[in-house]
Trainee: 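Sending over a structure as structure tokens; questions will come in a sec.
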Amino acid sequence: MAQPVERFIRRTGVTAGIFNLVLNPLFSWLSNMEMPDVPLAGAAVDTAITCFIMSLLVTLFVSADTRRVLKTGTLEITGRFPQAGSPLRRLPGQPWKLGLVFGLAAAVLVTPCLIGAFALFGVALFSFSAFALLKAVYTPLVSYAVARWVILRQLEAA
């Protein structure tokens, strides 16, 4: 039985979010076990790199999953996705190129917003647990958004 597109988007986005909720803080902990505190500049670099790599990987995995469900016919497509005039229509259809675009966009949008907000409130240093918690909050949201946009873009290519 075919599933509606919105259900597929929610399921895929939540799955991507859960993976990033767990994996990103874990990777940060494994790569920075010795570091008790994270300076704001370090958080900026880590955020940009995380956004870029995470968006690229989410795009590659979600694109493959979307192609699979389209090929098997288990996705109920009603209407056109994305809608006419959508900026998504202008993005590349190849998953790796799309992932690079989304990764760059996420890094450029998320990093200044997060770091700017903390700088505005005078935060110059994070405890490592606060930094891991920050990653546990923003990475699922970004990965959900990327997954949604990837699915909508892949539906246009179909």
Side-chain angles (χ1 to χ4, degrees), residues 3-69 81-82 86-156:
Q3 63 180 320
V5 171
E6 284 301 321
R7 184 181 308 155
F8 177 70
I9 289 172
R10 272 192 305 274
R11 181 184 58 82
T12 304
V14 167
T15 301
I18 291 170
F19 272 100
N20 282 290
L21 171 74
V22 173
L23 293 178
N24 277 301
L26 178 66
F27 288 151
S28 287
W29 179 73
L30 290 173
S31 64
N32 298 308
M33 286 192 295
E34 317 265 318
M35 186 181 284
D37 294 319
V38 179
L40 192 57
V45 170
D46 187 272
T47 300
I49 292 169
T50 297
C51 285
F52 185 79
I53 293 172
M54 175 187 65
S55 297
L56 177 62
L57 291 174
V58 167
T59 300
L60 294 174
F61 284 110
V62 170
S63 292
D65 191 35
T66 304
R67 282 194 309 268
R68 181 187 57 76
V69 298
F81 294 96
S86 170
L88 290 174
R89 297 184 93 174
R90 295 185 187 102
L91 295 177
Q94 299 91 348
W96 68 273
K97 287 182 182 178
L98 186 62
L100 292 176
V101 169
F102 282 148
L104 184 60
V108 166
L109 293 172
V110 172
T111 304
C113 290
L114 279 178
I115 302 309
F118 288 114
L120 182 67
F121 292 109
V123 177
L125 197 64
F126 295 94
S127 69
F128 185 76
S129 58
F131 181 66
L133 180 61
L134 174 66
K135 288 186 87 162
V137 170
Y138 83 84
T139 57
L141 300 173
V142 172
S143 61
Y144 183 92
V146 169
R148 178 176 183 77
W149 295 329
V150 167
I151 293 167
L152 293 175
R153 179 60 186 102
Q154 293 299 320
L155 289 175
E156 175 62 30

Trainee: Can you measure from OG (S127) to CG (L134) and round to the nearest 0.5 angstrom?
Mentor: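 So the gap between those two atoms works out to 10.5 Å.
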Trainee: Side chains of S63 and W96: closer than 4.5 Å at any heavy-atom pair?
Mentor: no
Trainee: Could you give the distance from CG (N24) to CZ (F19), rounded to the nearest 0.5 Å?
Mentor: 12.5 Å
Trainee: Search all heavy atoms of P92 against all heavy atoms of R153 and return the closest pair with its distance.
Mentor: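 Where P92 meets R153 most closely, the heavy atoms are O-NE, 3.6 Å.
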Trainee: CG of L133 to NZ of K135: how many Å apart, nearest 0.5 Å?
Mentor: 12.5 Å
Trainee: Keeping the roles fixed (side chain from D46, backbone from G42), state whether a donor-acceptor pair exists under 3.5 Å.
Mentor: no
Trainee: Is any side-chain heavy atom of V150 closer than 4.5 Å to one of V58?
Mentor: no
Trainee: Should the ring pair F126 and F118 be called parallel, tilted or perpendicular, given that the plane angle runs from 0 to 90° and is split at 30 and 60?
Mentor: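 Judged by the thresholds at 30° and 60°, the geometry between F126 and F118 is perpendicular.
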Trainee: Any donor-acceptor pair under 3.5 Å linking the side chain of R148 with the backbone of G13?
Mentor: no
Trainee: Using a 4.5 Å cut-off on heavy atoms from C-beta on, say whether the side chain of S28 contacts that of F131.
Mentor: yes
Trainee: Which atoms form the tightest heavy-atom contact between P112 and A107, and what is the distance?
Mentor: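 The pair with the smallest heavy-atom distance is CD-O, 3.7 Å.
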Trainee: Please determine if E6 and R11 form a salt bridge, counting it only when a charged side-chain N lies under 4.0 Å from a carboxylate O.
Mentor: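 No, no charged N to carboxylate O under 4.0 Å.
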Trainee: Considering only heavy atoms from C-beta outward, does the side chain of Q154 approach that of V62 to under 4.5 Å?
Mentor: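 They are not in side-chain contact.
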Trainee: Considering residues, nucleotides and ligands other than F61, do more than 12 of their heavy atoms fall under 6.0 Å from its CZ?
Mentor: no
Trainee: Considering only heavy atoms from C-beta outward, does the side chain of R68 approach that of D65 to under 4.5 Å?
Mentor: yes
Trainee: What are the two closest non-hydrogen atoms of T139 and L21, and how far apart are they?
Mentor: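 Here T139 and L21 meet closest at OG1-N, 4.3 Å.
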Trainee: Nearest 0.5 Å, please: how far is CD1 in I18 from OH in Y144?
Mentor: 11.5 Å
Trainee: Is the shortest heavy-atom distance from the side chain of V69 to the side chain of F8 under 4.5 Å?
Mentor: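 Counting from C-beta outward, V69 and F8 do come under 4.5 Å.
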Trainee: What's the shortest heavy-atom distance between A106 and V142, and which atoms?
Mentor: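 It is CB-CG1, 4.1 Å.
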Trainee: Over all heavy atoms of both residues, which pair between Y138 and C51 is shortest? Give the atoms and the distance, please.
Mentor: CE1-SG, 3.9 Å
Trainee: Quick one: pull up CD1 in I9 and CD1 in I151 and give me the separation to the nearest 0.5 Å.
Mentor: 5.0 Å
Trainee: Applying side-chain contact (heavy atoms from CB on, under 4.5 Å) to W149 and L98, what does each step give before you reach the verdict?
Mentor: CA-CA 10 Å; W149 295 329; L98 186 62; over 6 Å; no
Trainee: With a 3.5 Å distance limit and no angle check, can you tell me whether S55 reaches the backbone of F52 through a side-chain donor-acceptor pair?
Mentor: no
Trainee: Check P140 against G17 and note the closest heavy-atom contact, atom names and distance.
Mentor: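 Taking every non-hydrogen atom into account, CB-O, 3.4 Å.
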Trainee: Can you tell me how far the OG1 atom of T59 sits from the NZ atom of K97, to the nearest 0.5 Å?
Mentor: 14.5 Å
